[in-house]
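The structure appears below as structure tokens.
Each ligand, and each atom within it, is numbered from 1 in the order the structure gives. Quick note: residue numbers are just sequence positions, from 1. What's counted below: heavy atoms across the whole structure, side chains too, no hydrogens, waters or symmetry copies. Here the structure is a predicted model, which means the values were calculated and not measured.
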Amino acid sequence: MTTHNAGVRLLIVGPPGAGKGTQAEKIASRYGVPAISTGDIFRANIAGGTELGKRIQELTSAGNLVPDSLTNEIVADRLGQSDAAAGFLLDGYPRTVDQVSALDEVLAAAGTELDAVILLTADTEEVVARLLKRAVDSGRADDTEAVIRYRQEVYREQTEPIIAVYRERGVVVEVDGMGSIDGVADAITAALEQRLAAQSA
Ligand code: B4P
């Protein structure tokens, strides 16, 4: 345990299949904060079979993003729950520049800010291979090759611009996501510890 486990506010960003969800669980448990994944929230809505779930299913199974207005509302509500008051790790959100602004507002209203943005980098062919494997293992509707490749494009067009915004704020911690799961986890931990120590120095 470190001295940085209280009140840490993080987000993890990277291309689909970079391992955000995989690493988010590990980081969140290390820092004792909830991992909040918009992808998981949407899949839970789909599984619930509601009208909202059906609309989300149409969008995500084609590889498109869910509209900002809806996503922002869902995340603001989730961040308002008591378990997120002392810190959180956002996984897969923000995914657009508009979502960055919405998150900024929620954090400003709470008088808090992000401690670090973990950028998980990965090679396109490797992530496509991982997601094709996940398709076999878990059968996700958005894990067909055409949709996987389209989601990489959506990432480049809509999500990559948020990295520049966070780089300008000096909060980005870049980690190579190409190693083994445990190797990547160790690299994230080391990079985060360095960042959080520098911040509190
Ligand atoms: P997500 O659920 O975020 O899905 P993802 O980007 O495909 O997966 P992730 O990067 O988390 O990879 P994972 O750890 O699973 O989004 C799904 C959809 O929801 C989006 O396309 C979009 O439509 C919608 N959505 C989500 N957030 C949104 C937002 N904010 N706004 C609008 N729409 C939004 O890893 C992938 C696979 O690789 C796994 O099988 C894993 O076991 C394997 N793996 C991980 N690390 C590995 C490693 N180091 N080596 C080998 N394999 C590894």
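Looking at D68 against ligand 1, nothing comes within 4.0 Å, counting heavy atoms. Within the 4.0 Å heavy-atom criterion, the part of Q99 lying near ligand 1 is the side chain and not the backbone. The part of S180 lying near ligand 1 is the backbone, judged by heavy-atom distances below 4.0 Å. Contact annotation: for A18 versus ligand 1, heavy atoms closer than 4.0 Å belong to the backbone alone. Contact annotation: for T71 versus ligand 1, heavy atoms closer than 4.0 Å belong to the side chain alone. Counting heavy atoms under 4.0 Å from ligand 1, residue R43 touches it through the side chain alone.
Salt-bridge formation is detected for the pair E145/R149: a Lys NZ or Arg NE/NH1/NH2 atom is positioned less than 4.0 Å from an Asp or Glu carboxylate oxygen.
For ligand 1, the polar-atom distance check against G17 finds a nitrogen or oxygen pair separated by under 3.5 Å. Close N/O approach between F42 and ligand 1 is not found [any backbone or side-chain N/O within under 3.5 Å]. Ligand 1 has an N or O atom lying under 3.5 Å from an N or O atom of T38, backbone or side chain. Checking only distances, V184 never comes within under 3.5 Å of ligand 1, N or O to N or O. Considering both main-chain and side-chain atoms, V66 comes within under 3.5 Å of ligand 1 through a nitrogen or oxygen pair. Residue P94 has no N or O atom closer than 3.5 Å to an N or O atom of ligand 1.
Set against the non-hydrogen atoms of L131, the atoms of ligand 1 under 4.0 Å away are 36 (C).
Comparing R95, Q57, E126 by heavy-atom distance to atom 29 (C) of ligand 1, the nearest is R95. Considering each of V13, D142, N64, the one bringing a non-hydrogen atom nearest atom 22 (C) of ligand 1 is N64. Of the options R134, K20, R140, R130, the smallest heavy-atom separation from atom 47 (C) of ligand 1 is shown by R130.
Here the heavy atom of the protein found nearest to atom 5 (P) of ligand 1 is R151 NH2, 3.6 Å. Scanning all protein heavy atoms for the shortest distance to atom 19 (O) of ligand 1 gives T60 CG2, 3.9 Å. For atom 49 (N) of ligand 1, the closest non-hydrogen atom of the protein is G179 O, 2.9 Å. When only non-hydrogen protein atoms are considered, atom 14 (O) of ligand 1 lies nearest to T22 OG1, 2.7 Å. In this structure, atom 11 (O) of ligand 1 lies nearest to the protein heavy atom G21 N, 2.8 Å.
Considering K133, R130, R151 in turn, R151 is the only one that fulfils the salt bridge (Lys or Arg N to Asp or Glu O under 4.0 Å) rule with D143.
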